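It should be emphasised that the depicted structure is a prediction, and the values quoted were computed from it without experimental measurement. Naming: A, B, ... by sequence-line order, numbering from 1 per chain.
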Amino acid sequence: MIRLLAGRLVQIAVTLALLSLAMFLLIGLMPGDPIDLALAGDPRLTAEDAARMRALHGLDQPLMTRYLAWAGSLLAGEAGYSRLFAQPVAQIIGPALLSTLVLLGAAVAVSALLGLALGALAAMRPRFAPFADAIAILGQSAPSFWLGILLIIVFAVTLGWLPAGGAAEMGGVEALRFLVLPVATLAMANLAAYARHSAAELSNVLHAPWITAARARGAGEMRILLHHAAPNAAVPVLQVAALDAGSLVGGALITETLFARPGMGKLIYDAVMGNDTNLALVALLLVALVTMLATLAADMAQRALDPRLA
Amino acid sequence: MRLRLGLLLLGLLAAGGLAAPLVSVWMGLDPFAPDLFNRFAPASATNPLGTDDLGRDVLLRLLEGARVSLAVGVATALAATLLGTGIGLLAAWRGGVLDAVLMRLADGMLALPALPVLVVLAAVDTGRIGLPRGEAASDIFRIVAILSVFGWVGVARLARAAALSVLARDYVRAARALGATEARVLLRHVLPNIAGPIAIAAALTVAGAILAESTLSFLGLGIAPPAASWGNMLANAQDLVFSAPWVAVWPGLAILLAVAGCTLVADGLRR
């Protein structure tokens, strides 16, 4: 177990190193460095000024040298400044990460609960199986940004019940109102995977001999489902959670951009659009790290639950 | 049943895309020419699905979008399947360190949150490496290239797993004993026997590519206007929810049908 954990952590570190290298080199190809932007902002700057500033900030160095310097200081805990927000990156990222984790946590809870219920319904009542299947396929196929727009049209524009975007200044009930549509959008996209896997898993488990035995002893259907079948189906469902971590984070980028919620996804998007290279890279690496740690945690929980895997 | 339904959906969308120029001539409208006196026209005989914020016919742009979105999906699947099958076969055949390195690479890429990485990738300017900027064809090429970077992984893992089990079969040993070259073993004996799983992976890759392209175009990082793609048709739909909500409905429905079609085909092949 410990060895496995150590191996996975090393793999995560290597993945992050390769990702950061590839991204740094690619972004080096992007148009405009910060000095070009400074030139656009102040027409009195001369070519000599630009050259002096490039030398001052090390932008005249080869890409590889710049990467090593950047990665070294990042490892030392210095994430640098954001051009877009004119603040240290570390100060921007904290609240954004918290906001995204709240959104993701709520969405996972909602989609897992509804997905499991739908899956259980399909497994227990075969008549409903095609119906649940259709919902799952539709949920998987619908682009989440479109679902979000439809939700805005129905609940914000037509009915006027909920805000179309943004986030509340204060916490409390008002903040919850801003959370409903983004969470619904994200949950609808991820519900399908839970429904499909739990339906498949439960209908396998429900044909196992010990279920027949429990039924023969006179256990009720609800008790069989919750007590005998569900724990056995929990492991594959956890597997879905692990596999889906990446797409969930991608979904967060879409919902946050769509609903103008400050969070990691919108931060990455804004940073990319605003040519804020450093913020984009640090935020991307942090999001990748959190995703991979979440996947690892789900894997480990799966092993803890199922002794056959450990 | 599922296979047929899926193929029917995709066939209809593809036929619509292919017929786009003809429909355009027949209706006497240009899907790219703005008509500012006719903005936000609701559905009517001349504009069956209404017009968008620049007065362009929504139906014609949907059909044009079908060309772009399906082309991106199919081209990505083709590139990703070729690359993935090659890598998967190579890993299964060579084994050892190469196999381990390739599969760790695949694991690492699967663990990454794809969309944030794609967003950063999509902002890389291909103009700097000598490709023409701002044309639909080069946009399509750029999107296909960055989607293939992630697309090969799923295909390669499936191809490797299938190839490993085939390579252990007796007929492969027999072929080798008869003096078949390794290339012949791989191409004649292994490849045809792993075509099933690869076809499923390819169908799912088309679905994933259509979704990813529409998402990137929606975010303004994919196919740039005036070229139509289902994603970029939705890009300004969000600003129009108050004035012209119907503009938002159709492109999303088209994406839904295309992706569901691919999923159904994959499901059908699996049975």
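- Within the model, atoms CG of A:Leu18 and CZ of B:Arg104 stand 13.5 Å from one another, a figure rounded to the nearest 0.5 Å.
- Shown here for A:Ile149 and B:Ala248, the closest heavy-atom pair between the two residues is CG2-CB, 3.7 Å.
- Applying the 6.0 Å contact sphere to CH2 of A:Trp70 captures more than 12 heavy atoms from other residues, nucleotides or ligands.
- Only the side chain of A:Thr15 comes within less than 4.5 Å of a heavy atom in chain B; its backbone stays farther off.
- Rounded to the nearest 0.5 Å, atoms CG (B:Leu112) and CG (A:Leu285) are 9.5 Å apart.
- Contact of B:Leu264 with chain A is made through the side chain alone, with heavy-atom distances under 4.5 Å.
- Of all the listed residues (B:Ile210, B:Leu221, B:Val117), the one sharing the greatest number of non-hydrogen pairs under 4.5 Å with chain A is B:Val117.
- The residue among A:Leu296, A:Ile268, A:Ile153 with the most heavy atom pairs within less than 4.5 Å of chain B is A:Ile153.
- In this structure, the side chains of B:Ser214 and A:Phe145 come closer than 4.5 Å at one or more pairs of heavy atoms.
- Residues A:Val249 and B:Pro116 share a closest heavy-atom pair of CG1-CG, 4.2 Å.
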Go through B:Val259 and A:Gln140 one step at a time and tell me if the side chain to side chain contact (heavy atoms under 4.5 Å, CB included) criterion holds. CA-CA 8 Å; B:Val259 176; A:Gln140 238 167 6; over 6 Å; no
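- B:Ala207 does not touch chain A: none of its heavy atoms, backbone or side chain, sits under 4.5 Å away.
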For B:Phe218 and A:Leu258: C-alpha separation, side-chain torsions, deciding distance, then whether side chain to side chain contact (heavy atoms under 4.5 Å, CB included) applies.
CA-CA 10 Å; B:Phe218 169 71; A:Leu258 185 65; 3.6 Å; yes
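- Looking at B:Thr215, the atoms closer than 4.5 Å to chain A (heavy atoms on both sides) sit in the backbone and in the side chain alike.
- By the 4.5 Å heavy-atom criterion applied to side chains, A:Leu253 and B:Leu219 are counted as neighbours.
- Considering every non-hydrogen atom in both B:Ala260 and A:Ile137, the closest pair reads CB-CG2, 4.2 Å.
- Among the candidates A:Gly250, A:Ala22, A:Ala280, A:Ala294, the residue making the largest number of heavy-atom pairs closer than 4.5 Å to chain B is A:Gly250.
- Here OH of A:Tyr269 is found 11.0 Å from CG of B:Leu115. Values are rounded to the nearest 0.5 Å.
- The only option from A:Leu281, A:Leu284, A:Thr277, A:Leu19 that meets the side-chain contact (heavy atoms from CB on, under 4.5 Å) definition with B:Val120 turns out to be A:Leu284.
- Of the atoms belonging to A:Met273, it is side-chain heavy atoms, and not backbone ones, that fall under 4.5 Å from chain B.
- Contacts between B:Leu253 and chain A at a heavy-atom distance below 4.5 Å involve backbone atoms as well as side-chain atoms.
- Between B:Gly252 and A:Pro143, the shortest heavy-atom contact is O-CD, 4.1 Å.
- Taking every heavy atom of both residues into account, B:Pro113 and A:Val287 meet most closely at CG-CG1, 3.8 Å.
- To the nearest 0.5 angstrom, A:Ser141 atom OG is 11.0 Å from B:Ile255 atom CD1.
- In terms of heavy-atom pairs under 4.5 angstrom with chain A, the leader among B:Val119, B:Leu118, B:Leu105, B:Thr263 is B:Val119.
- Once rounded to the nearest 0.5 Å, the distance linking CG of A:Leu26 with CG of B:Leu121 reads 6.0 Å.
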